[in-house]
Amino acid sequence: MSERVTGAGEPTLEALRQRLVDFAAARRWEPFHTSKNLAAALSVEAGELLEIFQWLTPEQAAAVMSDPERAHRVRDEVADVLAYLLQFCTAVGVDPLEALAAKIERNEHRFPVPDGGDVNSDVGDQPL
């Protein structure tokens, strides 16, 4: 069985990714874990996360995590999104941490810190 946690008791991204691989393999789900199917499942789970916030005001949305039932739903949907993202990355050979680091670096060059003035003057063109 794969390593589940680091020495400090915190799960690593790689250990969780391997657990997902092992979980799917033990159930013989690999034929269904194509890039297309995993991308679709990721989109569905992201939609389920959005559904929790869909008709809330900004104030209500900010308070979601103070409601134990809603907070539980949010955590479950975040876990589902992350699980499918990791499985998708495995299927297409993308290291998610390397991809994110590269994207942040590109955005730092694309959107430099302004020398002065209003930082939010161009909010319509936000990265990521």
Side-chain angles (χ1 to χ4, degrees):
M1 191 64 168
S2 61
E3 174 196 358
R4 291 186 179 220
V5 295
T6 65
E10 298 279 331
T12 65
L13 196 60
E14 176 57 26
L16 293 172
R17 188 199 65 76
Q18 189 60 53
R19 283 182 69 189
L20 290 167
V21 167
D22 295 345
F23 184 89
R27 289 151 184 84
R28 298 185 177 114
W29 289 350
E30 299 102 325
F32 308 105
H33 284 197
T34 64
S35 56
K36 179 200 71 80
N37 288 351
L38 292 167
L42 174 59
S43 176
V44 169
E45 294 301 337
E48 290 180 8
L49 178 60
L50 174 60
E51 183 180 33
I52 297 166
F53 296 90
Q54 186 172 12
W55 301 113
L56 303 181
T57 65
E59 296 76 21
Q60 290 169 325
V64 161
M65 296 307 287
S66 62
D67 174 357
E69 184 178 325
R70 281 186 167 170
H72 177 74
R73 287 183 59 210
V74 168
R75 283 190 294 275
D76 274 357
E77 296 308 333
V78 166
D80 288 343
V81 168
L82 183 56
Y84 278 117
L85 178 59
L86 291 176
Q87 291 173 93
F88 175 82
C89 287
T90 298
V92 297
V94 169
D95 179 316
L97 296 181
E98 286 180 12
L100 179 57
K103 181 66 173 187
I104 291 170
E105 187 166 330
R106 283 193 307 276
N107 282 338
E108 287 171 341
H109 287 85
R110 186 175 170 204
F111 301 98
V113 175
D115 292 332
D118 186 6
V119 175
N120 295 317
S121 63
D122 194 16
V123 269
D125 191 20
Q126 293 300 308
L128 295 181

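In what follows, every heavy atom counts, from backbone to side chain, and hydrogens, waters and symmetry copies are set aside. Throughout, numbering of the chain's residues begins at 1 and tracks the sequence.
The structure places CG of Leu20 at 15.0 Å from CZ of Phe88, a figure rounded to the nearest 0.5 Å. Atoms CG and CD, from Leu97 and Glu14 in turn, are 9.5 Å apart once rounded to the nearest 0.5 Å. Put simply, CE on Met65 and NE2 on His72 are 11.0 Å apart, with the number rounded to the nearest 0.5 Å. For the atom pair Glu48 CD and Gln54 CD, the distance stands at 12.5 Å (nearest 0.5 Å). Rounding to the nearest 0.5 angstrom, the gap separating the CG atom in Asp95 from the CZ atom in Arg17 is 9.5 Å.
Among Leu86, Leu82, Val81, the one residue that satisfies the side-chain contact (heavy atoms from CB on, under 4.5 Å) test with Leu42 is Val81.
Under a hydrophobic-cluster definition in which Ile, Leu, Val, Met, Phe, Trp and Tyr are linked whenever side-chain heavy atoms come within less than 4.5 Å, directly or via other members, Val78 and Ile52 are assigned to the same cluster.
Closest of all the heavy-atom pairs between Val92 and Ser35 is CG1-CB, 3.6 Å. In this structure, Pro96 and Val94 approach most closely via the heavy-atom pair CD-O, 3.3 Å.
The backbone N or O of Ala41 sits nowhere less than 3.5 Å from a side-chain atom of Glu45 that would complete a donor-acceptor pair.
A cation-pi arrangement is present between Arg27 and Phe23 under the rule of less than 6.0 angstrom and at most 45 degrees off the ring axis.
Residues satisfying the side-chain hydrogen bond (donor to acceptor under 3.5 Å, both in side chains) test with Glu77, not counting sequence neighbours, are none.
Side-chain atoms of His33 and Asn37 form no donor-acceptor pair, as typed in the model, at a separation below 3.5 Å.
Residues Val64 and Val74 have side chains in contact (heavy-atom distance under 4.5 Å, counting atoms from C-beta outward).
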